[in-house]
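See structure below.
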Amino acid sequence: MTTFVVKFEPSNVELPCEGDSTLLDTALTAGFFPKHSCRRGECRACETRILSGEVRYGSDVAPDGLKRDHCLTCLAIPVTDVVLDSPEVSSVPGRRIVKAGARVTAVDRVSEDVTVVRVQIPVNTGFTFEAGQYVDVVLRDGTRRSYSMANSPAEEGQIEWHIRAMPGGRFSQHVYQNLKPKDLLRIEGPYGSFVLSDADAPLIFLASGTGYAPIAAMMREHRDRIAARGATFYWGARREKDLYAMEEVNAWAKSASGLMFVPVLSDPDENWDGRTGFVHEAVQKDYPDLSRLEVYACGNPLMIDAARHAFRTECGLPEDRFLSDSFVTAPGK
Ligand SMILES: Cc1cc2nc3c(=O)[nH]c(=O)nc-3n(C[C@H](O)[C@H](O)[C@H](O)COP(=O)(O)OP(=O)(O)OC[C@H]3O[C@@H](n4cnc5c(N)ncnc54)[C@H](O)[C@@H]3O)c2cc1C
Ligand code: FES
């Protein structure tokens with residue numbers, strides 16, 4: 001089997017990459033977390049500059065629209081030794097990916113289409129995560145669905161998910177209609193690099209629907225750090241009843257000065273007197289200049305793409321200050 005070396009700069013981490021392993025899988029397996037989200041070529045969160053070396057893609061076709069000298073690490077397979085510009089990769093490995101059986105402990109419908117699910121993972125598996133990360137649920141046929149943890153990692157062995165029932169969705173409809181306490185699920189993780197940075201820039205959190213889940217984890221885990229930086233959370237939905245955790249978010253906003261909450265509805269009924277329209281446009285209206293802020297956006301891929309584009313081109317947000325987890329779905333998976 002051919003082995004090439006993949007090196008991450010500036011941390012100088014060097015890893016052997018064997019056979020058809022992608023650059024991202026090589027790093028994750030060794031406990032390193034380069035930037036990524038969907039892990040299947042759809043969200044572009046893993047687009048990374050190649051400082052030297054060459055890669056190929058499993059399909060032999062490079063993804064469309066890549067910037068010059070860049071690759072998608074979740075798809076790229078080295079054909080020479082490769083050096084990557086990955087300032088987010090630390091010099092020591094972090095947590096390992098764990099495969100485990102998880103026992104459902106609670107299933108609560110909290111709105112017309114959102115279920116809050118809690119599961120327990122045996123503590124002896126060593127499973128831990130960072131606020132903002134997600135795990136894969138591995139289905140019987142081996143396909144996977146990803147769900148972000150909404151709880152604080154301090155709750156050892158516990159996971160809380162917010163799962164929206166998608167029309168025609170195989171797993172999310174099963175969750176909404178049939179999942180019950182004591183059921184067993186196979187999970188694998190944690191994955192994802194949507195975690196709070198060490199910067200001190202003021203924060204904008206932006207979510208649509210269950211995109212609130214990883215932001216809830218950050219709010220629960222890092223409340224004081226977030227309050228010290230100053231943060232506004234914009235949460236978008238169609239109708240008021242879709243904002244399934246209003247009480248909790250209002251309490252969060254009142255819990256410290258420097259925290260604000262702006263709900264935004266795209267299809268409100270007539271007695272709604274709050275903000276309306278597209279959620280990212282509400283941010284732009286309040287912050288026409290985002291050059292000194294950091295944005296965390298999560299949820300619907302269309303919302304995320306629109307926000308990324310508008311914030312960069314119209315509001316001066318530096319590229320590396322837009323962090324996102326796009327809830328891409330794979331039709332027919
Ligand atoms: C990093 C990440 C984190 C995520 N976190 C969350 C989270 O916290 N909460 C959450 O609710 N979701 C989250 N998601 C989305 C989640 O992983 C699933 O994609 C989602 O729940 C749908 O899964 P499903 O099995 O119900 O739908 P699927 O069966 O995979 O179908 C997806 C959609 O495609 C349509 N479809 C299916 N088959 C076809 C076909 N043949 N032709 C056309 N259309 C078709 C379905 O109707 C449905 O609308 C996340 C995704 C990612 C990538
Ligand atoms: S495109 Fe690579 S992680 Fe989404």
Side-chain angles (χ1 to χ4, degrees), residues 22-25 27-28 33-48 55 57-58 62-67 70-77 84 86 88 109-111 113-119 129 131-141 143-151 159-179 185 187-195 207-218 237 242 244-245 297-301 303-305 308 323-333:
T22 64
L23 298 170
L24 180 63
D25 278 346
L28 292 174
F33 280 76
K35 60 187 177 184
H36 69 282
S37 179
C38 72
R39 306 193 338 274
R40 52 176 196 252
E42 291 175 50
C43 73
R44 299 202 162 240
C46 67
E47 188 165 348
T48 299
V55 298
Y57 292 91
D64 283 342
L66 276 181
K67 282 181 264 171
H70 282 62
C71 69
L72 295 186
T73 61
C74 69
L75 299 181
I77 300 164
L84 296 173
S86 304
E88 71 283 7
R109 285 192 190 179
V110 293
S111 77
D113 60 358
V114 176
T115 309
V116 171
V117 177
R118 290 189 68 89
V119 303
F129 66 94
Q133 289 192 299
Y134 70 91
V135 288
D136 277 354
V137 176
V138 184
L139 307 188
R140 282 215 183 94
D141 63 0
T143 61
R144 290 152 179 265
R145 303 294 185 272
S146 306
Y147 295 101
S148 307
M149 274 69 79
N151 58 315
I159 282 183
E160 177 182 314
W161 292 314
H162 300 174
I163 300 182
R164 184 169 87 81
M166 294 198 57
R170 189 148 72 92
F171 182 69
S172 63
Q173 285 294 341
H174 165 73
V175 168
Y176 194 67
Q177 290 169 26
N178 303 319
L179 194 75
L185 295 171
I187 64 115
E188 189 179 305
Y191 292 110
S193 52
F194 186 67
V195 297
S208 63
T210 49
Y212 168 57
I215 290 171
M218 291 187 213
D242 299 329
Y244 57 88
C298 190
N300 184 317
M303 181 281 282
I304 289 182
D305 288 348
R308 180 189 287 113
L323 291 99
S324 62
D325 239 2
S326 201
F327 285 2
V328 289
T329 55
K333 240 187 19 169

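On a predicted model such as this, the values are computed, not experimentally measured, just so you know. One-based numbering, in listed order, for ligands and for the atoms of each. We use all heavy atoms of the structure for the numbers below, so side chains are in, but hydrogens, waters and symmetry mates are not. Residue indices begin at 1 and follow the sequence shown.
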| Val137 vs Trp161 side-chain heavy atoms within contact, under 4.5 Å | yes
| said: Can you tell me how far apart CG (Leu75) and CZ (Arg40) are? Round to the nearest 0.5 Å. | reply: 11.0 Å
| task | Give the single entry among Val114, Thr329, Asn300, Thr210 that approaches atom 10 (C) of ligand 1 most closely by any heavy atom. | result | Thr210
| message | If we ignore hydrogens and angles and just use 3.5 Å, is the side chain of Thr48 paired with the main-chain N or O of Cys71 as donor and acceptor? | response | no
| task | Between Glu47 and ligand 2, find which residue part has any heavy-atom pair under 4.0 Å and reply side chain, backbone, both or neither. | result | neither
| Less than 3.5 Å between some nitrogen or oxygen of Phe171 and one of ligand 1, yes or no? | yes
| Min side-chain heavy-atom separation Val119-Ile187 under 4.5 Å | no
| query | For ligand 2, which atoms have a heavy atom of Cys38 less than 4.0 angstrom away? | reply | 1 (S), 3 (S), 4 (Fe)
| query | Looking at Val328, which atoms of ligand 1 are within less than 4.0 Å of one of its heavy atoms? | reply | 19 (O), 51 (C), 53 (C)
| Is atom 2 (Fe) of ligand 2 less than 2.8 Å from an N/O/S atom of His36, whether that atom is in the backbone or a side chain? | no
| note | Atoms of ligand 1 under 4.0 Å from any heavy atom of Ile163, numbered from 1 in the order shown, are 11 (O)
| Which ligand 1 atoms are under 4.0 Å away from a heavy-atom of Ser37? | 1 (C)
| In ligand 1, which numbered atoms sit nearer than 4.0 Å to a non-hydrogen atom of Arg164? | 11 (O)
| said: For Pro34 versus His36, what's the shortest heavy-atom pair and its separation? | reply: O-ND1, 2.8 Å
| Hey, is the main chain of Gly192 close enough, under 3.5 Å, to the side chain of Gln133 for a donor-acceptor pair? | yes
| request: Return yes if some donor-acceptor pair links the side-chain N/O of Ser172 with the main-chain N/O of Met166 below 3.5 Å, else return no. | output: yes
| field | Glu42 side chain vs Val328 backbone, donor-acceptor pair below 3.5 Å | value | no
| query | atom 4 (Fe) of ligand 2: which of Gly41, Ser326, Cys43, Pro63 has the nearest heavy atom? | reply | Cys43
| note | In terms of its nearest heavy atom to atom 49 (O) of ligand 1, the top option of Pro167, Gly192, Pro214, Gly169 is Pro167
| Of all the atoms in ligand 2, which lie at a distance below 4.0 Å from a heavy atom belonging to Arg39? | 3 (S), 4 (Fe)
| If hydrogens are left out, which of Phe194, Tyr147, Tyr191 has an atom nearest to atom 12 (N) of ligand 1, that is, the closest non-hydrogen atom? | Tyr147
| message | I want to check something: taking the side chain as every heavy atom from C-beta on, are Phe194 and Tyr134 in contact at a cut-off of under 4.5 Å? | response | no
| said: So, regarding Ser172 and ligand 1 (criterion: nitrogen or oxygen to nitrogen or oxygen, under 3.5 Å), is there a contact or not? | reply: yes
| query | Between the side chain of Glu188 and the main-chain N/O of Val138, is any donor-acceptor distance below 3.5 Å? | reply | no
| query | What atoms of ligand 1 come within less than 4.0 Å of a heavy atom belonging to Ser326? | reply | 52 (C), 53 (C)
| message | Any nitrogen or oxygen of Ser148 lying under 3.5 Å from a nitrogen or oxygen in ligand 1? Just yes or no. | response | yes
| query | Is there a heavy atom in Tyr134 that sits closer than 4.0 Å to ligand 1? | reply | yes
| Within the stated cut-off of 2.8 Å, is an N/O/S atom of Cys46 closer than that to atom 4 (Fe) of ligand 2? | no
| Short N or O distance, Arg170 and ligand 1, threshold 3.5 Å exclusive | yes
| said: Students often mix this up, so state it plainly: with edges at 30° and 60°, are the rings of Tyr147 and Phe171 parallel, tilted or perpendicular? | reply: tilted
| In terms of atom number and element, which parts of ligand 2 are under 4.0 angstrom from non-hydrogen atoms of Glu42? | 1 (S)
| said: List ligand 2 atoms under 4.0 Å from Cys74, heavy atoms only on the residue side. | reply: 1 (S), 2 (Fe), 3 (S)
| Please state which protein non-hydrogen atom is closest to atom 1 (S) of ligand 2 and give its distance, to 0.1 Å? | Arg44 N, 3.1 Å
| task | Start with the C-alpha distance between Ser111 and Asp242, add both sets of side-chain angles, then the distance that settles side-chain hydrogen bond (donor to acceptor under 3.5 Å, both in side chains), and finish with yes or no. | result | CA-CA 6 Å; Ser111 77; Asp242 299 329; 5.4 Å; no
| task | Find all atoms of ligand 1 within a distance of less than 4.0 Å from any non-hydrogen atom belonging to Gly168, and give their numbers and elements. | result | 46 (C), 47 (O)
| Which option out of His162, Met166, Arg145 puts a heavy atom nearest to atom 9 (N) of ligand 1? | His162
| Any donor-acceptor pair under 3.5 Å from Ser208 side chain to Asn300 backbone | yes
| said: For the NZ atom of Lys67 and the CZ atom of Arg44, what is their distance to the nearest 0.5 Å? | reply: 9.5 Å
